[in-house]
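Just so we're clear, the structure is a prediction, and the values are computed from it rather than from any experiment. Proteins get letters first, then strands, A, B, ... in listed order; numbering begins at 1 in each.
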Number of protein chains: 2
Amino acid sequence: MPRVVVDVMPKPEILDPQGKAVLGALPRLGFSGVTDVRQGKRFELEVAGEVTDAVLEDVRRMAETLLSNPVIESFTVHVDDAVEDQPAVTGTAAGS
Amino acid sequence: MPRVVVDVMPKPEILDPQGKAVLGALPRLGFSGVTDVRQGKRFELEVAGEVTDAVLEDVRRMAETLLSNPVIESFTVHVDDAVEDQPAVTGTAAGS
């Protein structure tokens with residue numbers, strides 16, 4: 001089943017306290033080299049049938065009205081066929 | 001500056017009340033055709049210098065220890081060069 005992904009991120013001019021908290025925690029955990037962190041949301045929508053331009057336009061309106069707050073957040077919409085095949089590969093393999 | 005993206009999603013077998021809330025709200029807003037919604041988190045990490053394999057391995061350890069809960073969430077790490085160029089294109093253009 002095709003999957004459409006909506007990424008919602010705080011706009012660059014908006015303060016991002018969650019991202020700042022992560023950024024502050026990294027050195028305490030021994031990590032260095034990261035200069036900024038922004039935290040946003042990721043939505044994976046499964047759609048019935050083919051992903052046509054009309055479907056993507058629909059998803060954009062969902063993102064505008066429900067998934068994001070356009071005043072403080074920007075979003076991108078893209079089709080992701082690979083998600084279904086490898087949902088946890090990186091997460092699982094990272095322990096090795 | 002290179003940007004590394006960490007996507008964190010609830011594992012398939014884990015209940016996702018936020019995603020279910022979005023799924024339930026869509027028909028009330030007049031949207032149809034979406035059969036499932038999963039909500040996760042997206043982190044954008046700006047790193048100083050080049051993104052080497054060692055940096056990606058570091059980011060994977062950050063994802064394991066700080067950004068995700070490996071018991072209930074899986075994550076993927078990937079480099080995203082395009083984010084900087086077009087942070088809000090889709091979100092801005094969607095109103096047209």
Side-chain angles (χ1 to χ4, degrees), chain A residues 1 3-9 11-12 18-19 22-23 25-26 29-49 54-55 57-68 70 73-78 82-83 86-95, chain B residues 1 3-9 11-12 18-19 22-23 25-26 29-49 54-55 57-68 70 73-78 82-83 86-95:
Chain A
M1 192 166 286
R3 197 168 288 188
V4 181
V5 174
V6 180
D7 288 323
V8 177
M9 296 300 295
K11 289 185 179 177
Q18 290 177 302
V22 171
L23 184 66
L26 287 175
L29 292 169
F31 296 111
S32 60
V34 174
T35 57
D36 196 21
V37 179
R38 306 284 287 175
Q39 178 173 348
K41 290 178 282 185
R42 175 185 169 95
F43 297 91
E44 293 180 356
L45 283 68
E46 275 185 25
V47 299
V55 169
E57 188 52 44
D58 251 20
V59 172
R60 272 188 210 103
R61 285 194 291 121
M62 293 174 203
E64 272 185 325
T65 54
L66 180 64
L67 307 180
S68 78
E73 294 168 325
S74 61
F75 64 86
T76 57
V77 174
H78 60 98
V83 175
Q86 309 186 324
V89 168
T90 312
T92 308
Chain B
M1 191 167 285
R3 196 169 287 188
V4 181
V5 175
V6 180
D7 288 321
V8 178
M9 296 301 295
K11 289 186 177 175
Q18 291 178 303
V22 171
L23 184 65
L26 288 175
L29 291 169
F31 295 111
S32 61
V34 174
T35 57
D36 197 21
V37 178
R38 307 285 286 175
Q39 179 173 347
K41 290 177 283 186
R42 174 186 170 94
F43 297 90
E44 293 180 357
L45 283 68
E46 275 185 26
V47 299
V55 169
E57 189 51 44
D58 251 19
V59 172
R60 272 189 210 102
R61 285 195 291 118
M62 293 175 203
E64 272 185 327
T65 54
L66 180 64
L67 306 181
S68 79
E73 293 168 325
S74 60
F75 64 86
T76 56
V77 174
H78 59 100
V83 174
Q86 310 185 323
V89 169
T90 313
T92 308

A.B. asks: Where does S68(A) contact chain B at under 4.5 Å (heavy atoms): side chain, backbone, both or neither?
C.D. replies: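 Contact with chain B is absent: no heavy atom of S68(A) under 4.5 Å.
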A.B. asks: Rounded to the nearest 0.5 Å, what separation is found between the CD atom of Q39(A) and the CG atom of L45(B)?
C.D. replies: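 Rounded to the nearest 0.5 Å, the CD-CG separation comes to 10.5 Å.
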A.B. asks: How many angstroms lie between atom CG of L66(A) and atom CZ of F31(B), to the nearest 0.5 angstrom?
C.D. replies: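 One gets 8.0 Å once the value is rounded to the nearest 0.5 Å.
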A.B. asks: Tell me, out of V8(A), D36(A), V4(A), who's got the most heavy-atom pairs with chain B below 4.5 Å.
C.D. replies: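 Winner by heavy-atom pair count: D36(A).
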A.B. asks: G40(B), A48(B), S32(B), G19(B): which one forms the most heavy-atom pairs within less than 4.5 Å of chain A?
C.D. replies: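 The candidate making the most pairs under 4.5 Å is G40(B).
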A.B. asks: Only pairs of heavy atoms separated by less than 4.5 Å count here; which of T35(A), L26(A), L67(A), D58(A) has the most with chain B?
C.D. replies: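 Between T35(A), L26(A), L67(A), D58(A), the count favours T35(A).
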A.B. asks: Given heavy-atom pairs under 4.5 angstrom as the criterion, report whether the side chain, backbone, both or neither of L23(B) touches chain A.
C.D. replies: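 Contact with chain A is absent: no heavy atom of L23(B) under 4.5 Å.
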A.B. asks: For M9(A), is it the side chain, the backbone, both or neither that has a heavy atom under 4.5 Å from a heavy atom of chain B?
C.D. replies: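 Just the side chain, heavy atoms under 4.5 Å.
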A.B. asks: Where does L29(B) contact chain A at under 4.5 Å (heavy atoms): side chain, backbone, both or neither?
C.D. replies: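 For L29(B), the side chain is the part near chain A, not the backbone.
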